[in-house]
Amino acid sequence: MKKELIEEIKELIKVNPNDSIEINEKYLEYFDEEELLDIKNRLLARKENISKISNTFLDEIYEKTKKDEI
(Lines give C-alpha, C1' and ligand atoms only; values in the text may rest on other atoms or scores of the structure.)
Protein backbone atom coordinates (compact mmCIF):
# COMPACT_ATOMS: atom_id res chain seq x y z
CA MET A 1 0.00 0.00 0.00
CA LYS A 2 2.78 2.42 0.90
CA LYS A 3 4.54 1.98 -2.47
CA GLU A 4 1.24 2.54 -4.29
CA LEU A 5 0.64 5.78 -2.40
CA ILE A 6 4.15 6.96 -3.22
CA GLU A 7 3.59 6.27 -6.92
CA GLU A 8 0.25 8.12 -6.82
CA ILE A 9 1.92 11.09 -5.12
CA LYS A 10 4.62 11.14 -7.81
CA GLU A 11 1.93 11.24 -10.50
CA LEU A 12 0.09 14.09 -8.76
CA ILE A 13 3.28 16.12 -8.52
CA LYS A 14 3.86 15.94 -12.27
CA VAL A 15 2.99 18.96 -14.34
CA ASN A 16 3.84 17.31 -17.64
CA PRO A 17 2.85 13.64 -18.11
CA ASN A 18 6.31 12.96 -19.55
CA ASP A 19 8.08 14.25 -16.43
CA SER A 20 9.97 11.82 -14.29
CA ILE A 21 9.62 12.51 -10.58
CA GLU A 22 12.18 11.08 -8.21
CA ILE A 23 11.57 11.17 -4.49
CA ASN A 24 14.24 10.10 -2.05
CA GLU A 25 13.01 6.77 -0.70
CA LYS A 26 14.78 7.31 2.64
CA TYR A 27 12.83 10.53 3.11
CA LEU A 28 9.55 8.73 2.49
CA GLU A 29 10.37 6.00 5.02
CA TYR A 30 9.60 8.55 7.75
CA PHE A 31 5.97 8.73 6.69
CA ASP A 32 3.41 6.11 7.58
CA GLU A 33 0.52 5.20 5.27
CA GLU A 34 -1.86 7.65 6.93
CA GLU A 35 0.55 10.55 6.40
CA LEU A 36 1.14 9.55 2.77
CA LEU A 37 -2.61 9.36 2.23
CA ASP A 38 -2.94 12.86 3.68
CA ILE A 39 -0.23 14.14 1.31
CA LYS A 40 -2.05 12.53 -1.62
CA ASN A 41 -5.38 14.07 -0.59
CA ARG A 42 -3.85 17.53 -0.21
CA LEU A 43 -2.26 17.26 -3.66
CA LEU A 44 -5.61 16.21 -5.13
CA ALA A 45 -7.34 19.17 -3.47
CA ARG A 46 -4.71 21.59 -4.80
CA LYS A 47 -5.01 20.22 -8.34
CA GLU A 48 -8.79 20.55 -8.17
CA ASN A 49 -8.52 24.09 -6.84
CA ILE A 50 -6.03 25.08 -9.54
CA SER A 51 -8.33 23.61 -12.16
CA LYS A 52 -11.29 25.63 -10.87
CA ILE A 53 -9.23 28.83 -10.78
CA SER A 54 -7.97 28.19 -14.31
CA ASN A 55 -11.47 27.53 -15.62
CA THR A 56 -12.80 30.70 -14.01
CA PHE A 57 -9.93 32.72 -15.45
CA LEU A 58 -10.44 31.25 -18.93
CA ASP A 59 -14.18 31.95 -18.73
CA GLU A 60 -13.46 35.57 -17.84
CA ILE A 61 -11.08 35.94 -20.78
CA TYR A 62 -13.63 34.36 -23.11
CA GLU A 63 -16.36 36.73 -21.94
CA LYS A 64 -14.08 39.75 -22.43
CA THR A 65 -13.20 38.53 -25.91
CA LYS A 66 -16.88 38.21 -26.81
CA LYS A 67 -17.54 41.75 -25.61
CA ASP A 68 -14.61 43.10 -27.62
CA GLU A 69 -16.00 41.53 -30.81
CA ILE A 70 -19.37 43.27 -30.50
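We count residues from 1, following the sequence as given. Everything numeric in this text was worked out from a predicted model, so none of it was measured.
Between the CD atom of E7 and the NZ atom of K40 there is a distance of 12.5 Å, given to the nearest 0.5 Å. With values rounded to the nearest 0.5 angstrom, D19 atom CG is found 10.0 Å from E11 atom CD. Atom CG of N49 is separated from atom CG of L44 by 12.5 Å, given to the nearest 0.5 angstrom. Rounding to the nearest 0.5 Å places CD of E48 at 11.0 Å from CD1 of I50. Once rounded to the nearest 0.5 Å, the distance linking CD1 of I6 with CE of M1 reads 11.0 Å. Rounding to the nearest 0.5 Å places CG of L5 at 9.0 Å from CG of N41.
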Give the C-alpha distance, both sets of side-chain angles, the deciding distance and a yes or no for side-chain contact (heavy atoms from CB on, under 4.5 Å) between D32 and E35. CA-CA 5 Å; D32 61 25; E35 291 169 318; 3.3 Å; yes
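For the pair E33 and K2, the salt-bridge criterion is not met [side-chain N within less than 4.0 Å of a carboxylate O].
Both Y27 and L36 belong to a single network of hydrophobic side chains, linked directly or stepwise wherever heavy atoms of I, L, V, M, F, W or Y lie under 4.5 Å apart.
For the pair I23 and I13, the minimum side-chain heavy-atom distance is below 4.5 Å.
Checking side-chain atoms of K10 against main-chain N and O of E22 turns up no donor-acceptor pair under 3.5 Å.
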